[in-house]
Amino acid sequence: MLETDARDRVIVAIDCGRERALELADALSGHATWLKVGMTLFYAEGPAIVDEFRKRGFKVFLDLKLHDIPHQVRGAAEAAARTGADLLTIHGLGAGAMMAAAREGVEAAAVDGGRAKVIAVTVLTSIDEEALAQIGLTCSAAEEADRLAALAQANGIDGVVCSPQEAAHMRELLGEDALVVTPGVRPVGAALGDQSRVATPSEAIARGASHIVVGRPVTGANDPVAAFDAIVAELVENL
């Protein structure tokens with residue numbers, strides 16, 4: 001894998017306050033291509049933080065996991081897309097009409113024919129079979145992910161968020177053009193934290209992920225830039 005391609009495949013999750021977020025963005029400028037804005041940062045800072053990252057040249061993955069009635073999600077997806085975010089998340093559990101509404105929302109916000117991409121969260125990487133059983137689902141995490149992925153594709157969604165363990169099957173199920181974004185990625189030796197279904201960066205990409213999301217192993221490192229560059233080097237060496 002070429003280094004430029006490897007850098008474009010790694011999304012750094014920035015889940016902290018504004019001051020630290022901008023410090024990390026400034027440090028990673030020229031190294032990372034993508035930054036992820038999750039609920040922690042967006043709820044504190046609002047759309048302005050997306051603009052701050054875009055001014056620094058980053059693509060932005062706005063990970064708000066929209067999940068509501070179709071009318072609300074259509075409006076929320078349109079508003080989220082108008083922040084300038086390149087990629088948005090919705091919850092697959094919202095069902096088909098909600099997912100179709102999200103697609104309508106980003107299309108309404110399209111500029112010059114270009115629109116934000118939408119991906120559906122299947123099963124969170126912190127969830128295992130025991131957790132699924134707590135909410136009344138007796139299938140495996142992989143089976144649930146398959147069901148929601150097929151529903152997402154049928155309703156115009158651009159891809160999915162899934163664990164690295166499901167990435168290979170998602171690629172087979174959804175085809176080569178689908179986005180398959182995998183959190184739960186941990187470099188060798190990194191702490192698992194609250195993740196249950198994980199893989200190394202090169203394992204996740206080899207299994208079919210289009211992009212991997214890495215947070216604390218980069219942002220919590222003593223040298224975030226060196227940690228990011230080490231992930232890129234792993235991808236270049238092994239793929």
Side-chain angles (χ1 to χ4, degrees), residues 1-17 20-41 49-50 52-54 56-63 85-89 117 119 121-122 124-126 159-171 176 178-239:
M1 178 179 287
L2 296 174
E3 183 176 326
T4 52
D5 185 34
R7 292 185 185 279
D8 191 55
R9 307 284 285 275
V10 182
I11 302 172
V12 181
I14 308 293
D15 298 315
C16 56
R20 177 59 176 158
L22 294 181
E23 286 178 359
L24 287 165
D26 287 337
L28 290 166
S29 180
H31 296 263
T33 301
W34 283 90
L35 298 181
K36 180 176 86 72
V37 176
M39 288 181 278
T40 298
L41 183 55
I49 197 66
V50 176
E52 292 275 13
F53 289 164
R54 286 180 57 81
R56 287 164 169 78
F58 292 101
K59 297 178 184 177
V60 177
F61 172 22
L62 186 54
D63 184 22
D86 301 277
L87 183 62
L88 311 175
T89 49
K117 302 292 187 181
I119 52 177
V121 175
T122 55
L124 296 172
T125 52
S126 60
V160 297
V161 180
C162 66
S163 93
Q165 296 176 10
E166 286 106 47
H169 188 60
M170 287 295 163
R171 181 57 64 203
E176 288 302 312
L179 294 172
V180 177
V181 179
T182 60
V185 173
R186 291 290 183 268
V188 174
L192 296 184
D194 55 3
Q195 304 289 348
S196 296
R197 300 175 354 266
V198 302
T200 66
S202 56
E203 286 172 344
I205 296 293
R207 290 174 186 174
S210 58
H211 298 80
I212 60 175
V213 179
V214 185
R216 286 162 286 185
V218 171
T219 60
N222 290 332
D223 186 340
V225 173
F228 176 85
D229 286 345
I231 292 170
V232 170
E234 179 196 328
L235 296 180
V236 171
E237 181 178 353
N238 290 289
L239 296 170

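Just so you know, these numbers come straight off a predicted model, no measurement behind them.
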A25 and L35 have their tightest heavy-atom pair at CB-CD1, 4.0 Å

Paired with I119, the side-chain contact (heavy atoms from CB on, under 4.5 Å) test is passed by just one of L87, D63, V160, namely L87

Q) Given the rule in the side chain to side chain contact (heavy atoms under 4.5 Å, CB included) test, do L22 and R56 qualify, once you have shown the distances and angles that lead to the verdict? A) CA-CA 10 Å; L22 294 181; R56 287 164 169 78; 4.0 Å; yes

>> Any side-chain to backbone donor/acceptor pair from T122 onto V161? Under 3.5 Å, distance only.
In response: yes

For V214 and F228: C-alpha separation, side-chain torsions, deciding distance, then whether side chain to side chain contact (heavy atoms under 4.5 Å, CB included) applies.
CA-CA 9 Å; V214 185; F228 176 85; over 6 Å; no

The side-chain contact (heavy atoms from CB on, under 4.5 Å) partner of P164 among I205, V185, T200 is V185

Heavy-atom closest pair (V50 atom, L62 atom, distance to 0.1 Å) is CG2-CD1, 4.3 Å

Are T89 and F61 packed together at the side-chain level, in the sense that at least one heavy-atom pair is separated by less than 4.5 angstrom? yes

One should read off an interatomic distance between I212 CD1 and I231 CD1, to the nearest 0.5 angstrom, of 6.0 Å

Taken to the nearest 0.5 Å, the spacing of E52 CD from F58 CZ works out to 12.0 Å

Closest non-hydrogen contact found for G17 with L41 is C-CD1, 4.0 Å

Contact check, side chains of P224 and L24, non-hydrogen atoms, under 4.5 Å: yes

Contacts of R20 meeting salt bridge (charged side-chain N to carboxylate O under 4.0 Å, His left out) (sequence neighbours excluded), chain-then-number -> E23

Here the gap from T33 atom OG1 to L28 atom CG, rounded to the nearest 0.5 Å, amounts to 10.5 Å

Nearest heavy-atom approach of V10 to A6 is CG2-O, 3.4 Å

Residues at least two apart in sequence or cross-chain that pass salt bridge (charged side-chain N to carboxylate O under 4.0 Å, His left out) with K59, listed by chain then number, are D8

Tightest non-hydrogen contact, residues A21 and I14, listed as CB-CG2, 3.5 Å

R7 meets the salt bridge (charged side-chain N to carboxylate O under 4.0 Å, His left out) criterion, sequence neighbours left out, with E3, D229

By side chain to side chain contact (heavy atoms under 4.5 Å, CB included), A178 pairs with (sequence neighbours left out) R171, L174

Closest non-hydrogen atoms of P183 and C162, given as atom of the first, atom of the second and distance, are CD-O, 3.4 Å

* To do: Without swapping roles, check the side chain of S210 against the backbone of V180 for a donor-acceptor pair under 3.5 Å.
  => yes

Sequence neighbours excluded, the answer for side-chain hydrogen bond (donor to acceptor under 3.5 Å, both in side chains) partners of D15 is none

When rounded to the nearest 0.5 Å, the distance separating CD of E234 from CE of M1 is 10.5 Å

NE2 of H169 to CZ of R207, rounded to nearest 0.5 Å, is 14.5 Å

Sequence neighbours excluded, the answer for side chain to side chain contact (heavy atoms under 4.5 Å, CB included) partners of M39 is Y43, L64

Between the NE2 atom in H211 and the CD1 atom in I11, the distance rounded to the nearest 0.5 Å is 5.5 Å

